[in-house]
Amino acid sequence: EAHERQRQYPQALTEVQRALDLVPGLARARVVRATALQQSGRHREAESELEAVLQQDPHNALARLQLGYGQLSSNDPRAVATLEQLMTASGISRSSLGASKVYLGIALDAQAERSYDPRGEASRRAEMMVKEGLASHRNLQQVWREIESGPASQPLEAVQRLRGICDLDLTSWQAKQLLRLLARATGRADLAQGITNGSAGGASGAATPNPRGGSGAASREASVQP
């Protein structure tokens with residue numbers, strides 16, 4: 001798991017396989033393995049791994065969160081239904097619930113764009129979800145405060161700051177969507193001026209959040225513990 005957190009995915013896969021050789025049904029190790037597969041571009045394998053975990057334990061919030069994130073990053077419309085199930089999940093940490101609401105907000109916003117209904121129910125729910133996610137996710141709160149107090153003329157810098165939140169691990173497209181959503185939800189539309197409406201389809205080409213075009217782990221925002 002330490003290798004996965006440091007984005008050393010080949011090492012993470014090797015280490016987690018050793019753990020699974022000893023305890024084949026270890027759910028936590030399987031989720032870590034799925035995350036490393038996902039980040040290595042092996043999305044179908046990752047999804048199969050996570051679905052297998054959920055088949056054994058439908059209440060595994062961590063597996064469902066990772067599955068929803070993978071579907072979101074692949075521009076899969078199923079992300080909304082997957083993430084919706086986490087809204088009433090028990091035993092999920094405050095930070096993970098915050099992340100799930102942020103992802104659900106982005107997924108709902110993409111749904112609104114696909115249906116050409118930018119001010120419909122999905123869009124309104126998207127704003128509500130990211131606002132609730134902001135209230136639950138300490139790292140996002142910290143970065144958003146810094147964005148709000150900074151100059152409104154630097155939306156691209158704001159996007160990079162959102163991408164730097166290590167326990168959200170947003171793609172560029174997701175960070176842009178989140179910036180627009182937070183700006184609308186908090187009445188700070190000025191902060192997102194100049195950000196183009198990139199289509200959700202652009203996410204599928206960047207479905208793997210790493211590598212990030214030279215903005216790797218060393219350039220991330222320092223985050224507080226969730």
Side-chain angles (χ1 to χ4, degrees), residues 1 4-7 27-28 31-32 34-39 43 46-47 50 53-54 59-76 78-111 125-147 158-183 185-186 200 203 206-210 212 217 220-226:
E1 188 169 354
E4 186 270 323
R5 287 182 181 276
Q6 295 169 22
R7 292 171 171 74
R28 178 76 183 188
V31 173
V32 172
T35 303
L37 287 169
Q38 209 171 57
Q39 303 285 22
H43 304 293
E47 184 168 329
L50 292 166
V53 171
L54 289 168
H59 302 294
N60 190 312
L62 188 61
R64 194 168 301 281
L65 176 58
Q66 197 60 40
L67 178 61
Y69 172 76
Q71 290 169 340
L72 172 65
S73 296
S74 299
N75 193 28
D76 187 334
R78 293 178 301 167
V80 170
T82 299
L83 293 165
E84 287 273 21
Q85 295 181 63
L86 288 164
M87 298 303 103
T88 56
S90 59
I92 185 170
S93 71
R94 181 181 176 87
S95 179
S96 293
L97 180 60
S100 67
K101 289 183 175 183
V102 168
Y103 297 153
L104 178 56
I106 295 171
L108 285 165
D109 202 47
Q111 184 182 82
R125 284 200 64 222
E127 292 179 25
M128 180 182 72
M129 282 295 109
V130 298
K131 199 168 184 178
E132 291 181 6
L134 177 63
S136 300
H137 199 284
R138 289 180 60 196
N139 289 335
L140 178 57
Q141 288 175 20
Q142 176 183 322
V143 170
W144 185 245
R145 281 195 297 267
E146 293 169 357
I147 291 172
V159 167
Q160 289 304 316
R161 294 177 81 84
L162 291 170
R163 289 185 70 189
I165 302 174
C166 61
D167 52 351
L168 281 180
D169 208 15
L170 302 169
T171 65
S172 180
W173 169 77
Q174 290 165 356
K176 288 179 180 180
Q177 293 290 96
L178 179 56
L179 177 60
R180 284 194 291 267
L181 281 168
L182 285 171
T186 60
T208 305
N210 241 9
R212 294 179 178 272
R220 292 175 176 275
E221 289 289 329
S223 297
V224 300
Q225 288 298 311

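Hydrogens, waters and symmetry mates play no part in the numbers below; they use all other heavy atoms, side chains included.
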Tell me the closest heavy-atom pair linking [X] and [Y], and the distance in Å.
| X | Y | answer |
| --- | --- | --- |
| L65 | A99 | CD1-C, 4.5 Å |
| V53 | A27 | CG1-CB, 4.3 Å |
| S136 | R94 | O-CG, 3.4 Å |
| V31 | A63 | CG2-CB, 3.8 Å |
| T186 | L182 | OG1-O, 2.6 Å |
| A46 | A34 | CB-O, 3.3 Å |

Does the side chain of [X] reach to within under 4.5 Å of the side chain of [Y], using non-hydrogen atoms?
| X | Y | result |
| --- | --- | --- |
| D167 | H137 | yes |
| R78 | L67 | no |
| L178 | I106 | yes |
| W173 | V159 | no |
| S73 | Q174 | yes |
| E132 | M87 | no |
| E47 | L50 | no |
| R163 | S172 | yes |

Between atom [atom1] of [X] and atom [atom2] of [Y], what is the distance when rounded to the nearest 0.5 Å?
| X | Y | atom1 | atom2 | answer |
| --- | --- | --- | --- | --- |
| I147 | L162 | CD1 | CG | 4.0 Å |
| L170 | Q160 | CG | CD | 11.0 Å |
| Q111 | L104 | CD | CG | 9.0 Å |
| E84 | M129 | CD | CE | 7.0 Å |

Trace of the side chain to side chain contact (heavy atoms under 4.5 Å, CB included) decision for Y103 with L168
CA-CA 9 Å; Y103 297 153; L168 281 180; 4.2 Å; yes
[X] side chain to [Y] backbone, donor-acceptor under 3.5 Å:
| X | Y | answer |
| --- | --- | --- |
| S100 | L97 | yes |
| Q38 | Q66 | yes |
| Q141 | A135 | yes |

Test side-chain contact (heavy atoms from CB on, under 4.5 Å) applied to L134 and V143, L140, L181, the passing residue
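Exactly one candidate clears the test, L140.
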Take Q39 and D169 through the side chain to side chain contact (heavy atoms under 4.5 Å, CB included) test and state the conclusion after the steps.
CA-CA 10 Å; Q39 303 285 22; D169 208 15; 2.7 Å; yes
